[in-house]
Amino acid sequence: MANNEAQLHAVPSEEEAAGQQRFDKIIQEDSRIEPRDWMPEGYRKTLTRQVSQHAHSEIIGMQPEANWITRAPSLKRKSILIAKVQDEAGHGLYLYSAAETLGTPRDTLNDQLLEGKAKYSSIFNYPARTWADMGAIGWLVDGAAICNQVPLCRTSYGPYGRAMVRICKEESFHQRQGWEILYELSHGTEEQKQMAQDAVNRFYGPALQMFGPPDADSPNSKQSMAWNIKRFSNDELRQRFVDMIVPQVEALGLTLPDPDLKWNEERGHYDFGELDWDEFKSVIRGNGPCNAQRMERRIEAHEEGAWVREAAAVYAAKQAQKKAEVA
Ligand code: BYC
């Protein structure tokens, strides 16, 4: 019998069987799995993939907005934007820490990103062309992020869920600042209103794609929902988001670029048009407008940061040596 076939038919050890039983019970009771608990390899792998991709997205997601820090229209706007971009770095750090508790070191996760082996959210491969894009990113991108991430506060893996609580609080502030930028512009001159509308037109479709492929094409959803990692499907969350932003866009005095968008009395939801899934696939394959630029910049930043990592490692070694001497 071939080696992997033998493994496939291997009888689980007593310890494994007990671990599986305990794991199933925790999931069934809708309670939490913690790092030292036994967990199936598939659960560990799925979470490592999702949490690390989420962390990468936060870090790459700093780029489109950082691009506008030096061009923010006032000192106040500049300081708010700096704080927001800094928050995204923080989110990346909480998430890498949560991912590490699953057993893969952060350096390995980072290498996977730098070598182009790990995904990050499709949305960050679009350019931020005008100041209004800061508004559209805050309102639509952070808005979609909150919609997707609030249920993740109740995800079954403890460290991920706890990280999400703080992240969601900060994302709410981000969404408000985006809304406020768009509100100011849409109530300004005709040119400013046009700029806001143009930003919403460009970010609407990609923001809806952040929720992932349609349920029928989502290979991971079913198992992730059975494990209580995901609480709702991609389409359920996308619908929730559309229902939320339609009244908001009306309050902004702007429109959403979808001629098929209309209230469906029977469903109690808004119907909306088909998204461009070919474009989505092309972007996640690496062919979006900014994929190459985002990766180049990330690699450059990582290389430029080498001296900081070296200095931190030397400092940590010295501290450890001092402690050992005292002991
Ligand atoms: N972009 O089976 P599916 C932020 C991939 S950060 C790229 O449905 P799953 C922010 C998916 O990975 C926003 N790839 O997967 C930061 C899978 O490929 P692999 C990031 C995508 O995991 C800074 C394949 O397609 N948020 O908010 O069940 C500034 C099939 O998909 C995308 C998170 O990461 C995409 N949009 O569901 C402002 C949230 N969608 O890995 C804001 C946490 C799907 O099998 N993650 N793919 O090769 C999740 O909730 C889930 O992972 C997803 C996808 C809903 C995204």
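Both ligands and their constituent atoms are indexed starting at 1 by order of listing.
Ligand 1 places these atoms under 4.0 Å from at least one heavy atom of S122: 1 (N), 7 (C), 35 (C), 36 (N). Remark: ligand 1 atoms within the under-4.0 Å shell around heavy atoms of G212 are 40 (N), 44 (C). Proximity to Y120 (heavy-atom distance under 4.0 Å) selects the following atoms of ligand 1: 1 (N), 7 (C). Each of the following atoms of ligand 1 lies closer than 4.0 Å to a heavy atom of A145: 27 (O). Taking every non-hydrogen atom of Q53 and a distance limit under 4.0 Å, the qualifying atoms of ligand 1 come out as 12 (O), 41 (O). The atoms of ligand 1 that sit less than 4.0 Å from any heavy atom of N148 are 39 (C), 43 (C), 50 (O), 55 (C). Every atom of ligand 1 with a heavy atom of D142 under 4.0 Å away is listed here by number and element: 38 (C), 42 (C).
Looking from atom 25 (O) of ligand 1 to the surrounding protein, the closest heavy atom is I284 CD1, 4.1 Å. Scanning all protein heavy atoms for the shortest distance to atom 44 (C) of ligand 1 gives P213 CD, 3.6 Å. Ranking protein heavy atoms by distance to atom 37 (O) of ligand 1, first place goes to K230 NZ, 2.9 Å. Looking only at heavy atoms of the protein, atom 11 (C) of ligand 1 is closest to R49 NH1, 4.1 Å. The protein heavy-atom contact nearest to atom 10 (C) of ligand 1 is F124 CZ, 3.4 Å. Here the heavy atom of the protein found nearest to atom 49 (C) of ligand 1 is Q50 NE2, 3.5 Å. Regarding atom 21 (C) of ligand 1, its nearest protein heavy-atom neighbour is F280 CZ, 4.0 Å. Summary of contacts: the protein heavy atom closest to atom 19 (P) of ligand 1 is K119 NZ, 3.5 Å.
Checking Y126 against D133 by side-chain atom types alone, no donor-acceptor pair falls below 3.5 Å. With 3.5 Å as the limit, one finds a donor-acceptor pair spanning the side chains of Y94 and R166. Checking W139 against Q248 by side-chain atom types alone, a donor-acceptor pair falls below 3.5 Å. Side chains of D24 and Q28: no donor on one and acceptor on the other come within 3.5 Å. For the residue pair H56 and Q53, no side-chain donor N or O sits within less than 3.5 Å of a side-chain acceptor on the partner. Between the side chains of Y157 and T101, a donor-acceptor pair is found at a separation under 3.5 Å. Side-chain polar atoms of Q192 and H187 form no donor-acceptor pair below 3.5 angstrom.
The closest approach between Y160 and ligand 1 falls below 4.0 Å for a heavy atom of the residue.
Atom CZ of residue F232 and atom CG of residue N148 lie 11.5 Å apart, to the nearest 0.5 angstrom.
With hydrogens and angles disregarded, no donor-acceptor distance shorter than 3.5 Å links the side chain of R106 to the backbone of L93. The closest donor-acceptor contact from the side chain of W68 to the backbone of A128 lies under 3.5 Å. In this structure, N228 contributes its side chain and D30 its backbone to no donor-acceptor pair below 3.5 Å.
Looking at E88, Q175, Q209, M225 and measuring to atom 23 (C) of ligand 1, the nearest heavy atom belongs to E88. When H174, Q149, K117 are checked for heavy-atom proximity to atom 26 (N) of ligand 1, Q149 turns out nearest. When the options T155, N220, V283, L237 are ranked by their closest heavy atom to atom 45 (O) of ligand 1, first place goes to N220.
Considering backbone and side-chain N/O of N234, one or more are found under 3.5 Å from N/O of ligand 1. Close N/O approach between S218 and ligand 1 is found [any backbone or side-chain N/O within under 3.5 Å].
Taking 4.5 Å as the limit, every side-chain heavy atom of E279 sits out of range of all side-chain heavy atoms of S282.
Within the 4.0 Å cut-off (strictly below), a protein heavy atom is located near atom 35 (C) of ligand 1.
Residue I123 does not touch ligand 1, judged by heavy-atom distances below 4.0 Å.
Within 6.0 Å of CZ on R22 lie no more than 12 heavy atoms contributed by other residues, nucleotides or ligands.
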Would you give me the side-chain donor-acceptor pairs under 3.5 Å for residues 315-327, sequence neighbours excluded?
none

